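As the structure is a computational prediction, the values presented were derived from the model and not from experiment.
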Amino acid sequence: MTRYEPACEDGTLVLVADDVDDRLEVGPIDDVVAAVGGDTHAIEYDQKQRKQPWLDTDDGTLEIDVRDAVTRLNHTPEFVSELREYDMGEDRYGLPTRTVKFADQFVDILEQQGDTDAQ
C-alpha cells in the first residue's frame with residue numbers, strides 16, 4: 001500500500017507518495033500549526049487508557065509537538081484523495097481550505113490515539 005510521506009519544502013508541507021510524481025501541497029507549516037491551534041496539542045486519556053504500558057503519562061495528558069508530528073506522520077491514499085477535493089485558493093478562516101481540512105483531519109487522528117473504542 002502506498003503511503004504518503006510528509007516533506008517540508010521551503011516551509012511548505014507536502015505529502016509525497018512512493019512515486020515522487022504524486023504529491024500534494026498542504027500549505028505552509030506555520031498555517032497548519034495555526035489551524036491545529038498552536039505548537040502543541042494535548043490528548044487526554046481516561047483512567048482505562050492510562051493503563052496501557054506504552055502510554056507514559058501520570059496526569060492523563062500527552063502533549064504532541066504539532067510541528068514535529070505533521071512532518072513525521074504518513075498518510076493513506078484515502079486521506080490524500082479526500083484532501084485533493086479542497087482547493088488551495090479558497091479561503092477558510094483566512095487560510096487555504098485544504099490546509100484547514102488537513103488540520104481538522106490531523107486533530108481527529110491525534111484524538112483517536114489510544115481510544116480502544118474508535119472505529
Query raised in the report: If every non-hydrogen atom of Gly27 is compared with every non-hydrogen atom of Met88, which pair is closest and at what distance?
Result: CA-CE, 3.7 Å
Requested in this report: Please step through side-chain contact (heavy atoms from CB on, under 4.5 Å) for the pair Glu44 and Leu62, ending with a clear verdict.
Outcome: CA-CA 6 Å; Glu44 295 184 16; Leu62 187 64; over 6 Å; no
Requested in this report: Quick one: do Glu111 and His41 satisfy side-chain hydrogen bond (donor to acceptor under 3.5 Å, both in side chains)? Show the steps, please.
Outcome: CA-CA 10 Å; Glu111 293 296 326; His41 180 80; 2.6 Å; yes
Requested in this report: Decide side-chain hydrogen bond (donor to acceptor under 3.5 Å, both in side chains) for Asp22 and Tyr4; before the verdict, give the C-alpha distance in whole Å, the side-chain angles of both, and the deciding distance to 0.1 Å.
Outcome: CA-CA 9 Å; Asp22 186 7; Tyr4 285 79; 2.4 Å; yes
Requested in this report: Could you state whether Tyr93 and Ile29 fall into the same hydrophobic cluster, counting links through intermediate Ile, Leu, Val, Met, Phe, Trp or Tyr residues with side-chain heavy atoms under 4.5 angstrom apart?
Outcome: no
Query raised in the report: Shortest non-hydrogen contact from Lys101 to Glu82?
Result: CE-OE2, 3.8 Å
Report task. Working to the nearest 0.5 Å, report the span between CD of Glu63 and OG1 of Thr61. Result -> 7.0 Å
Query - Val36: which of Asp31, Ile64, Val66 passes side chain to side chain contact (heavy atoms under 4.5 Å, CB included) - result: Val66
Query raised in the report: Do Leu24 and Phe79 sit in the same hydrophobic cluster, where Ile, Leu, Val, Met, Phe, Trp and Tyr count as joined when their side-chain heavy atoms come under 4.5 Å apart?
Result: yes
Query - Any Arg23 side-chain heavy atom under 4.5 Å of Glu9 side chain - result: yes
Report task. Would you give the length of the straight line joining atom CG of Leu15 to atom CD of Glu5, rounded to the nearest 0.5 angstrom? Result -> 9.5 Å
Report task. State yes or no: are the ring centers of Phe102 and Tyr86 separated by less than 6.0 Å? Result -> no
Query raised in the report: Side-chain heavy atoms under 4.5 angstrom apart, residues restricted to Ile, Leu, Val, Met, Phe, Trp, Tyr: same cluster for Ile109 and Ile43?
Result: yes
**Report entry** Close side-chain approach of Val33 and Asp39, heavy atoms under 4.5 Å
**Finding:** yes
Query raised in the report: Any idea which heavy atoms bring Val16 and Ala7 closest together, and the distance?
Result: CG2-CB, 4.2 Å
Report task. Taking the side chain as every heavy atom from C-beta outward, state whether Pro6 and Leu13 have any atom pair closer than 4.5 Å. Result -> yes
